[in-house]
**Q** 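First, the structure itself, so that you have it in front of you.
Letters A, B, ... are given to chains in the order of the sequence lines, protein chains preceding strands, and every chain is numbered from 1.
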2 protein chains.
Amino acid sequence: MAQKQENLSKNQKIVLDIIEKSAQPMKAYSILFNVQKKGLKAPPQVYRALDKLVEIGKIHKIESRNAFIACRNSACTIANATAFSICESCEDVKEISSSKLSKYLSNFQDKEGMKYNKYNLEFFGICKKCK
Amino acid sequence: MAQKQENLSKNQKIVLDIIEKSAQPMKAYSILFNVQKKGLKAPPQVYRALDKLVEIGKIHKIESRNAFIACRNSACTIANATAFSICESCEDVKEISSSKLSKYLSNFQDKEGMKYNKYNLEFFGICKKCK
DNA sequence: TATAACTTTGTAATAATATAACGTAAGAAA
DNA sequence: TTTCTTACGTTATATTATTACAAAGTTATA
Ligand SMILES: [Zn+2]
Ligand SMILES: [Zn+2]
Ligand SMILES: [Zn+2]
Ligand SMILES: [Zn+2]
């Protein structure tokens, strides 16, 4: 699952680099606009890189925002157990790294006993700054 | 928060009706196609109804699928605490109604002590049928 | 080396999802 | 009635994402 940055392709590095430099989640077309000076001209080049980066856990997709954020959770070797807090006022997004929470959710069993291999949790509220 | 169906507008009823008849989440444009015989011709008519229905908790949006499902969780007076299980093979979606889970998540406090007023959780796996 | 197999890239076109803007009509409430 | 608000219909457009196909680069191995 984990993969070193050296293994990334050129386009993947370019896209990851710009996402890592952003404090906030970035939208695909904003990424596209920002990497055009580096030669990535068309949506598929960006989306292909995003797909791969999500797959290997370097970035996560914030589903409710259609945006992508770099993973800064060192414990997040698991790209398939993600949790975020989202401020509905300033749209600030933080990845939550709580081993208690991830343990609880990873062990969660529904009534039918279906076994999950992945989850995504998004919390919404108003952050301290916005209060 | 809770609202009776009688309070729904004509278009809202039409859209809710078709979603409730579907066992699975429906996409906005699939809904649009299906309600054209009832006079709803343009996307905004559908999206406006969807927005309202989500707001009052009659339906939920499955964010990772851009699709909408009727709420069948009678305990789900709270439209702002949702959890789903999604089969990645057949795309079957079920709303999870576990008071234990909802209590756990509603009480969850992150490190910064930000108070959440809403969450959405999506579990992914392979359902029994698909095993 | 060669040559096949595979991955990544570039590019154009298009599909799918969602909203803006504007005017009209209907309903509630004052 | 007048005012206020919500819903409606319509056109156009914005945003997000994928399909399809050819070219170039990489890796494996014969
Ligand atoms: Zn992470
Ligand atoms: Zn904020
Ligand atoms: Zn519900
Ligand atoms: Zn299934």
**Q** Compare side-chain N and O positions of B/Asn66 against OP1 and OP2 of D/dT16 and report whether any pair is under 4.0 Å apart.
**A**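 No, outside the criterion.
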**Q** From CZ of B/Arg65 over to P of C/dT17, roughly how many Å is that when rounded to an integer?
**A**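 Answer to the nearest Å: 13 Å.
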**Q** Is the phosphate of D/dA17, meaning OP1 or OP2, less than 4.0 Å from a side-chain N or O of A/Lys61?
**A**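 Yes, such a contact exists.
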**Q** Report the distance from atom CZ of B/Arg48 to atom C1' of C/dA18, rounded to the nearest whole Å.
**A**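 Rounded to the whole Å, the gap is 13 Å.
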**Q** What is the separation between atom CG on A/Asn11 and atom P on D/dG25, rounded to the nearest whole Å?
**A**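 Result: 13 Å.
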**Q** Is there a side-chain polar atom (N or O) of B/Lys27 under 4.0 Å from OP1 or OP2 of C/dA16?
**A**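 No, outside the criterion.
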**Q** Quick one: sort the A/Phe108 and A/Tyr116 rings into parallel, tilted or perpendicular, breaks at 30° and 60°.
**A**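 Plane angle under 30°, so parallel.
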**Q** Starting from C1' on D/dT16, measure out to CZ on A/Phe33 and report it in whole angstrom.
**A**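 Atom CZ in A/Phe33 sits about 17 Å away from atom C1' in D/dT16.
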**Q** Taking for each residue the nucleotide of DNA chain D with the nearest heavy atom, is it A/Ala28 or B/Pro43 whose nucleotide lies nearer the 5' end?
**A**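 Its nearest nucleotide lies further toward 5', so the answer is B/Pro43.
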**Q** Would you mind telling me which of C/dA18, D/dT18, C/dT11 lies closest to the side-chain atoms of A/Tyr47?
**A**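 Closest nucleotide to the A/Tyr47 side chain: D/dT18.
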**Q** Hydrophobic cluster membership, with links at side-chain heavy-atom distances under 4.5 Å among I/L/V/M/F/W/Y: are B/Met114 and A/Phe123 in one?
**A**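 Yes, because B/Met114 and A/Phe123 connect within a single hydrophobic cluster, where side-chain heavy atoms sit under 4.5 Å apart.
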**Q** For C/dT9, does OP1 or OP2 lie under 4.0 Å from any side-chain N or O of A/Ser9?
**A**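 For C/dT9, OP1 or OP2 has a side-chain N or O of A/Ser9 closer than 4.0 Å.
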**Q** Checking contacts here: which listed nucleotide (D/dG9, D/dT11, C/dT11) is nearest the side-chain heavy atoms of B/Ala42?
**A**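 Of the candidates, D/dT11 comes closest.
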**Q** Just how far, in rounded Å, is C1' of D/dA7 from CD1 of B/Ile14?
**A**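 So the CD1-C1' distance, B/Ile14 to D/dA7, works out to 13 Å.
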**Q** Side chains of A/Val15 and A/Leu40: closer than 4.5 Å at any heavy-atom pair?
**A**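 The answer is yes, as the side chains (C-beta and beyond) meet within the 4.5 Å cut-off.
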**Q** Quick one: A/Asn7 CG to C/dT7 P, roughly how many Å, whole number?
**A**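 Those two atoms, CG and P, are 14 Å apart.
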**Q** Between P on D/dA17 and CD1 on A/Ile31, what's the gap in Å once rounded to a whole number?
**A**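 Rounding to the nearest Å, CD1 of A/Ile31 and P of D/dA17 are 10 Å apart.
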**Q** Indicate yes or no: at least one non-hydrogen side-chain atom of B/Lys115 is less than 4.5 angstrom from one of B/Gln109.
**A**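 The answer is yes, as the side chains (C-beta and beyond) meet within the 4.5 Å cut-off.
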**Q** Does A/Tyr29 make a side-chain donor-acceptor contact with the base of D/dA14, cut-off 3.5 Å?
**A**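 Check fails, no donor-acceptor contact within cut-off.
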**Q** Whole-Å distance between D/dT5 P and B/Lys52 NZ?
**A**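 The answer, rounded to whole Å, is 14 Å.
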**Q** Are the charged groups of A/Arg72 and A/Glu95 less than 4.0 angstrom apart, N to O?
**A**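 No.
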**Q** Please check the phosphate of C/dT7 (OP1 and OP2 only) for any side-chain N or O of A/Lys10 closer than 4.0 Å.
**A**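 For C/dT7, neither OP1 nor OP2 has a side-chain N or O of A/Lys10 closer than 4.0 Å.
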**Q** So if I take every side-chain heavy atom of A/Gln45 and compare against D/dA17, C/dT11, D/dA7, which nucleotide ends up nearest?
**A**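 From the listed options, C/dT11 comes nearest.
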**Q** Can you tell me which nucleotide in C/dT11, C/dT9, C/dT19 comes closest to the side chain of A/Pro44?
**A**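 For the A/Pro44 side chain, the nearest candidate turns out to be C/dT11.
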